[in-house]
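Structure first, commentary second.
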Amino acid sequence: MVRDFFLYHLNDREFEYLVVTMCKNWLGEGTTAFAEGRDGGRDARFFGTAQTYPSTESLWSGHVVIQAKHTATPNASCSDNDFKRYFQPGDKSELPKVAKLIEEGVLHFYLVFTNRKLPAGADLKILKKVRALPLTDAAIIGLEEINRFLHQTPAVARALPVNEYARPFEFSSEDMVDVIIALKDAIEMDGNAFESAVDFSLVNKKKVKNKVNRMSDEYYQTVIVNQYMPLFDKMRSFLRNERNSEYRDIYHDIADELRQKIVLYRDRFDNFEEIIGYLFDIIKEARPELRGKRRYVTFLLCYMYDDCDIGEREPAV
């Protein structure tokens, strides 16, 4: 799962800078930055053979015109009428500009970037009238692909002007690493799939908790129940053992810190498993000692959730 980088917090120029950075990676360093044209519109350009886009087997080669369509509206979609209007005849249409550039011989490929969600197959419908023009190809790059790029190039993500949103909250992972290393010695995981939990009555009781916390049934069943729940009793035994009292105290300090921060920043994540994924990314990079122990990171976070140490509890009846 690729997390959101909250690009609606960028302004138009900042989003354009991100688009140029992506195009320099995909097309090449010859990508020119966005500049205002004679008609007041802004676009970036590339001429040559792309480095990797759309694939190394079928590279775009020629004049590429790049446009950025940024929105400050969270959860905006390419299927919204205000976006589709750009590619249909009308006052806001880009079609006349695209046609003119094709006529001038400086547009073979048309590439649109937007921080809107792009439903599967929607780009083909939206670009139908654009593709009817005598150009070679056209494409829309939506929020999902931009987030994937940022996930794969963390240096670019860290440089975002709204880095406090790109990194929803800070968490000191040092203490958690110590607990995970101690867990590795106490609980053995062979890396294979575990048998499903035996007591499914407990699983059923969690349905309300999952709904309150927006934890998806698929993640809860596949990851927590089937993969990690069979080892939760060993985790409880580890924490209750007086020989591990130091780690028990650290564990509760960690859980308390996380509980408070999750409450404060919960609205920055759609589903609770995104929080688990976000914390995993922070913790796994903490220290080299975690190499070979990363599955214990997810195990510990899932245990915290299932034991109600993090996340909201069921509402009182």
Side-chain angles (χ1 to χ4, degrees), residues 1-6 74-75 164-180 182-183 187 189 194 196-240 247-286 290 294-317:
M1 179 175 295
V2 179
R3 67 184 178 86
D4 190 8
F5 287 86
F6 307 96
N75 299 316
E164 69 270 21
Y165 292 99
R167 197 172 181 88
F169 61 82
E170 295 298 323
F171 170 66
S172 177
S173 59
E174 289 297 307
D175 287 344
M176 197 161 190
V177 174
D178 292 336
V179 174
I180 291 165
L183 275 178
I187 300 175
M189 291 187 193
F194 303 110
S196 296
V198 176
D199 189 355
F200 282 95
S201 64
L202 294 176
V203 175
N204 292 334
K205 289 178 182 178
K206 292 290 191 263
K207 288 185 177 179
V208 176
K209 175 182 170 67
N210 291 343
K211 185 176 181 180
V212 169
N213 287 282
R214 302 200 301 277
M215 165 76 76
S216 72
D217 292 338
E218 180 182 7
Y219 186 91
Y220 185 74
Q221 186 68 42
T222 303
V223 178
I224 296 182
V225 174
N226 291 346
Q227 189 168 358
Y228 294 123
M229 190 175 285
L231 294 176
F232 284 174
D233 282 342
K234 290 185 178 181
M235 180 67 193
R236 293 185 187 95
S237 297
F238 173 84
L239 292 174
R240 289 169 184 163
Y247 293 114
R248 181 174 62 234
D249 291 341
I250 295 173
Y251 171 90
H252 287 300
D253 281 347
I254 295 167
D256 184 64
E257 178 186 355
L258 281 178
R259 185 187 306 112
Q260 294 182 49
K261 289 190 173 180
I262 290 171
V263 168
L264 286 173
Y265 301 104
R266 180 64 185 85
D267 61 345
R268 297 186 178 182
F269 302 87
D270 288 334
N271 300 315
F272 201 91
E273 55 263 39
E274 292 178 12
I275 298 175
I276 292 176
Y278 170 67
L279 291 169
F280 175 85
D281 286 342
I282 293 178
I283 297 163
K284 76 176 182 180
E285 299 171 359
L290 277 183
R294 289 179 179 173
R295 59 192 180 279
Y296 288 86
V297 176
T298 307
F299 167 74
L300 186 55
L301 291 168
C302 288
Y303 175 83
M304 285 182 167
Y305 172 81
D306 202 69
D307 206 50
C308 296
D309 294 318
I310 59 175
E312 297 180 40
R313 299 173 184 267
E314 299 92 335
V317 178

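None of the values given here were measured: they were computed from a predicted structure.
- In this structure, Phe232 and Tyr303 have perpendicular ring planes: the angle between them is above 60°, well past the 30° mark.
- Shown here for Ile283 and Leu290, the closest heavy-atom pair between the two residues is O-CD1, 3.0 Å.
- Annotation: salt bridge (Lys or Arg N to Asp or Glu O under 4.0 Å) contacts of Arg266 (sequence neighbours excluded): none.
- Interatomic distance, Ser237 OG to Leu231 CG, rounded to the nearest 0.5 Å: 11.0 Å.
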Full working for side-chain contact (heavy atoms from CB on, under 4.5 Å) between Arg295 and Tyr228: CA-CA 10 Å; Arg295 59 192 180 279; Tyr228 294 123; 4.1 Å; yes
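- Taken to the nearest 0.5 Å, the CZ atom of Phe269 stands 6.0 Å off from the OH atom of Tyr278.
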Tyr219 vs Asn210, side chain to side chain donor-acceptor pair (under 3.5 Å): CA-CA, chis, key distance, verdict: CA-CA 10 Å; Tyr219 186 91; Asn210 291 343; over 6 Å; no
Would you please test Leu279 and Met176 for side-chain contact (heavy atoms from CB on, under 4.5 Å) and show each step? CA-CA 11 Å; Leu279 291 169; Met176 197 161 190; over 6 Å; no
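- Qualifying salt bridge (Lys or Arg N to Asp or Glu O under 4.0 Å) partners for Asp175, counting only residues two or more places apart in sequence or in other chains: none.
- The shortest heavy-atom contact between Val225 and Pro230 is O-CD, 3.4 Å.
- Side-chain contact check for Glu273 and Ser216: at least one donor-acceptor pair (N or O, by modelled atom type) lies under 3.5 Å.
- Listed by first and then second residue, the salt bridge (charged side-chain N to carboxylate O under 4.0 Å, His left out) pairs that reach into residues 211-230 come to none, sequence neighbours excluded.
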side-chain contact (heavy atoms from CB on, under 4.5 Å) assessment of Tyr247 paired with Ile180: CA-CA 10 Å; Tyr247 293 114; Ile180 291 165; over 6 Å; no
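- The CD atom of Gln221 lies 12.0 Å from the CE atom of Met215; values are rounded to the nearest 0.5 Å.
- For the atom pair CD of Glu174 and CD1 of Ile254, the computed distance is 10.5 Å after rounding to the nearest 0.5 Å.
- Between Glu312 and Val263 the shortest side-chain heavy-atom distance does not fall below 4.5 Å.
- Looking at residues two or more places apart in sequence or on another chain, you find no ring-ring contact (aromatic ring centres under 6.0 Å, His included) involving Tyr296.
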Please test Tyr305 against Ile275 for side-chain contact (heavy atoms from CB on, under 4.5 Å), starting from the C-alpha separation and ending with a verdict. CA-CA 11 Å; Tyr305 172 81; Ile275 298 175; over 6 Å; no
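- Between the side chains of Tyr251 and Asp309, at least one donor N or O lies within less than 3.5 Å of an accepting N or O.
- Listed by chain and number, the residues in a salt bridge (Lys or Arg N to Asp or Glu O under 4.0 Å) with Asp178 are Arg287 (sequence neighbours excluded).
- The salt bridge (charged side-chain N to carboxylate O under 4.0 Å, His left out) analysis of residues 254-263, with sequence neighbours excluded, yields the pairs Asp256-Arg259, Glu257-Lys261.
- For the atom pair CG of Leu258 and CD1 of Ile262, the computed distance is 5.0 Å after rounding to the nearest 0.5 Å.
- Stacking of Lys209 on the aromatic ring of Tyr220 is not recorded, the 6.0 Å distance cut-off and the 45° axial limit not both being met.
- To the nearest 0.5 angstrom, Thr222 atom OG1 is 9.0 Å from Gln227 atom CD.
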